[in-house]
Asks: 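Have a look at the structure that comes next, please.
Residue indices begin at 1 and follow the sequence shown. Remember, it's 1-based here, ligands and their atoms both numbered in the order they're listed. What you see is a predicted model, and the numbers here were worked out from it, not measured in a lab.
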Amino acid sequence: MRMHIHQYEKLWLGLSLLLIVGFVATVTYGAVGTPAISMIGDDGDTLNPNAIDDHPEFGDPGVEKVGESEYAAYVVARQFMFQPDPIVVPANTTVTFYVTSADVIHGFSVVGTNANTMVIPGEVAELTVEINDPGEYGIVCHEYCGNGHHGMEGLLKVVPADEYDGGDAE
Ligand code: CUA
């Protein structure tokens, strides 16, 4: 009889271990599978939050044309602003935002859309957004980042394609 109990205990112990392994696998998979935030170190580059101003893209953040109707927008969040401000992009395009922080954790949220991400120093958050009609969209920080947090905002300005003169088009 004691022997049997022992076997059951072993069985339960084994099952619990399997569950734990399963959880760990799920968590790991979840972390790897998260598309919104990627380390810039992935491609061998490194990003030092203290040397943002020397970075080739983030040192002078702005919008670049990268395809037929595709743009890349490099954005730096820092206490308590977004750079550039405003971020100007042409209408009817796909814009990938690369957002990093020069100091603490911030948020990057385009008001009225579901485009939002956390911005972590040392990492680059990547966010691809379909840009349709011209208009102005507020950008707010949605992570508490200090005493100026509530006033930390930027502007995304979507202009008609023929009025757009920014970006490294050629
Ligand atoms: Cu930046 Cu809150």
Asks: What angle, in degrees and rounded to 10°, do you get at atom 2 (Cu) of ligand 1 when you join it to SG of Cys141 and to SG of Cys145?
Replies: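 It comes to 120°.
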
Asks: Decide whether Thr128 and Thr96 meet the rule of one side-chain donor and one side-chain acceptor closer than 3.5 Å.
Replies: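 Their side chains do contain a donor-acceptor pair, which is all the 3.5 Å distance test asks for.
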
Asks: Counting backbone and side-chain atoms alike, is an N, O or S atom of His149 positioned under 2.8 Å from atom 1 (Cu) of ligand 1?
Replies: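 So His149 does not bind atom 1 (Cu) of ligand 1 by this criterion.
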
Asks: How about His106: does one of its N, O or S atoms come closer than 2.8 Å to atom 2 (Cu) of ligand 1?
Replies: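 Given the 2.8 Å cut-off, His106 does not count as a ligand of atom 2 (Cu) of ligand 1.
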
Asks: Report whether any nitrogen, oxygen or sulfur of His150 sits less than 2.8 Å from atom 2 (Cu) of ligand 1 (N, O or S, backbone or side chain).
Replies: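 Within the cut-off used here (under 2.8 Å), His150 places no N, O or S atom near atom 2 (Cu) of ligand 1.
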
Asks: Decide, counting backbone as well as side-chain atoms, whether His142 has an N, O or S atom less than 2.8 Å from atom 2 (Cu) of ligand 1.
Replies: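 No N, O or S atom of His142 is closer than 2.8 Å to atom 2 (Cu) of ligand 1, so no.
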
Asks: Given the side-chain rings of Tyr71 and Phe97, with only the six-membered ring counted for Trp, is the space between their centroids under 6.0 Å?
Replies: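 That pair fails the under 6.0 Å test.
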
Asks: What is the name of the N/O/S atom in Glu143 that sits closest to atom 2 (Cu) of ligand 1?
Replies: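 Going by distance to atom 2 (Cu) of ligand 1, the closest N, O or S atom in Glu143 is O.
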
Asks: Distance only, no hydrogens: is a donor on one side chain within 3.5 Å (strictly under) of an acceptor on the other, for His106 and Asp103?
Replies: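 Yes, a side-chain donor-acceptor pair sits under 3.5 Å.
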
Asks: Less than 4.5 Å apart, side chain to side chain, heavy atoms only: is that true for Met118 and Glu143?
Replies: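 Yes, side chains in contact.
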
Asks: Would you name the heavy atoms of Thr117 and Ala125 that are closest together and state the gap between them?
Replies: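 For Thr117 versus Ala125, the nearest heavy atoms are OG1-CB, 3.5 Å.
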
Asks: Is it true that some N/O/S atom of Tyr144, main chain or side chain, lies under 2.8 Å from atom 1 (Cu) of ligand 1?
Replies: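 Looking at Tyr144, which is the residue asked about, there is no N, O or S atom under 2.8 Å from atom 1 (Cu) of ligand 1.
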
Asks: So which atom in Val63 and which in Tyr164 form the shortest heavy-atom distance, rounded to 0.1 Å?
Replies: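 Looks like CG1-OH, 3.4 Å.
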
